[in-house]
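These numbers were taken from a predicted model, which means no experiment stands behind them. So that the names make sense, note that chain A is the first sequence line, chain B the second, and so on, each numbered from 1.
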2 protein chains.
Amino acid sequence: MAQPKNVKPTESELEILQVLWSKESATVREVHEELAASKDVGYTTTLKLMQIMHDKGLVSRDDSSKTHIYKAIVSREKTQKHLLGKMINTLFAGSPAQLVMQALGNHKTSKDELNEIQNLLNTLKKQ
Amino acid sequence: MAQPKNVKPTESELEILQVLWSKESATVREVHEELAASKDVGYTTTLKLMQIMHDKGLVSRDDSSKTHIYKAIVSREKTQKHLLGKMINTLFAGSPAQLVMQALGNHKTSKDELNEIQNLLNTLKKQ
DNA sequence: CCATATTTACGATTTAATTCGTATAATAAA
DNA sequence: TTTATTATACGAATTAAATCGTAAATATGG
């Protein structure tokens, strides 16, 4: 598979993508270290998952040297957009505003972040 | 299982919960009709899923008459809160604000809804 | 009452996700 | 060069989700 059309990573794949997004590129070992820090999992499991992700076209792989180097192909934003849209539909009756209310109401947000949101809100209101 | 501790419905279970939340209570037949409207699925599949959900404690069942009547036990809000929190962690690096920006930026929102969000924002800013 | 329709129960299959053991190749260290 | 370490490849087992067929029980219409 070449290009990613269906951006639908599984739970475990998302964990790996998280690491790849934060690092730009990484080896299986590096990804695994991060995962193993918070989760009990074997090295070959991480390896296998990353191989599958490569087959699916979720990540690219440079295998010019023995230790392969992986990068995320699917972008964080695209994935966010897709999964968020899905959640809005299946859990918030299609209303992004409801989701926003729930997110702001239940989670701590800093002044700076609130201001950022305010700016976006101002822009949207003008349209 | 009696009380729902782990609020982690699967994809299909969420679809069924959506119907139950919107109706307050419903039979398998009623739920199935709704699902079948937008999806190709057999009656016994819906039945089986609802039985499993009952085993898991996601729904309650009144089986005093032949046709059983189901209600959601897990609340919409609790489920939203749980899954949203999870998404914020696994996909938005723990930042609810990022999620909000993404949601507002990518999805149409009405003036009324924007005002609602503005009100909440005002409240939060004062704290 | 009899035939038809509806419902639940239950088991089995299929598909996908996750996990890991073992073999083999490549590299590094001694 | 031999030994130990580190990688990948691959197959297989496990688990969970989703799907549906069939049988039995119950209700309904004629």
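Distance CE (M50(B)) to P (dA17(D)): 18 Å, rounded to an integer number of Å. In this entry the distance linking NE2 of H32(B) with P of dA18(D) reads 16 Å, nearest Å. One can place CD of E15(A) at 13 Å from C1' of dA17(C), the figure rounded to the nearest angstrom. Rounded to whole Å, atom C1' of dT18(C) lies 11 Å from atom CD1 of I16(A). Spacing between atom CD of E30(A) and atom P of dT6(D) amounts to 14 Å, rounded to whole angstrom units. Regarding Q51(B), its CD atom lies at a distance of 14 Å from the C1' atom of dA18(D), rounded to whole Å. Distance CG (L47(A)) to P (dT24(C)): 17 Å, rounded to an integer number of Å. Whole-Å rounding puts the I52(B) CD1 to dA12(C) P distance at 15 Å.
Residue side chain K48(A) reaches the base of dG11(D) through a donor-acceptor N/O pair under 3.5 Å, judged by distance alone.
Applying the ring-ring contact (aromatic ring centres under 6.0 Å, His included) criterion to H107(A), with sequence neighbours excluded, gives no partner residue.
Separation of atoms OG1 (T10(B)) and CE (M53(B)) is listed at 7.5 Å; rounding is to 0.5 Å.
The main-chain N or O of V19(A) is found under 3.5 Å from a side-chain atom of S22(A) such that the two form a donor-acceptor pair.
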(request) Spell out protein contact along nucleotides 23-28 of chain D as letters: B when the base is contacted, S when just the sugar-phosphate is, - when no protein heavy atom is under 4.0 Å; keep the 5' to 3' order. (result) --BBS-
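Annotation: side chain of T109(B) is not in contact with side chain of L124(A) (no heavy-atom distance under 4.5 Å).
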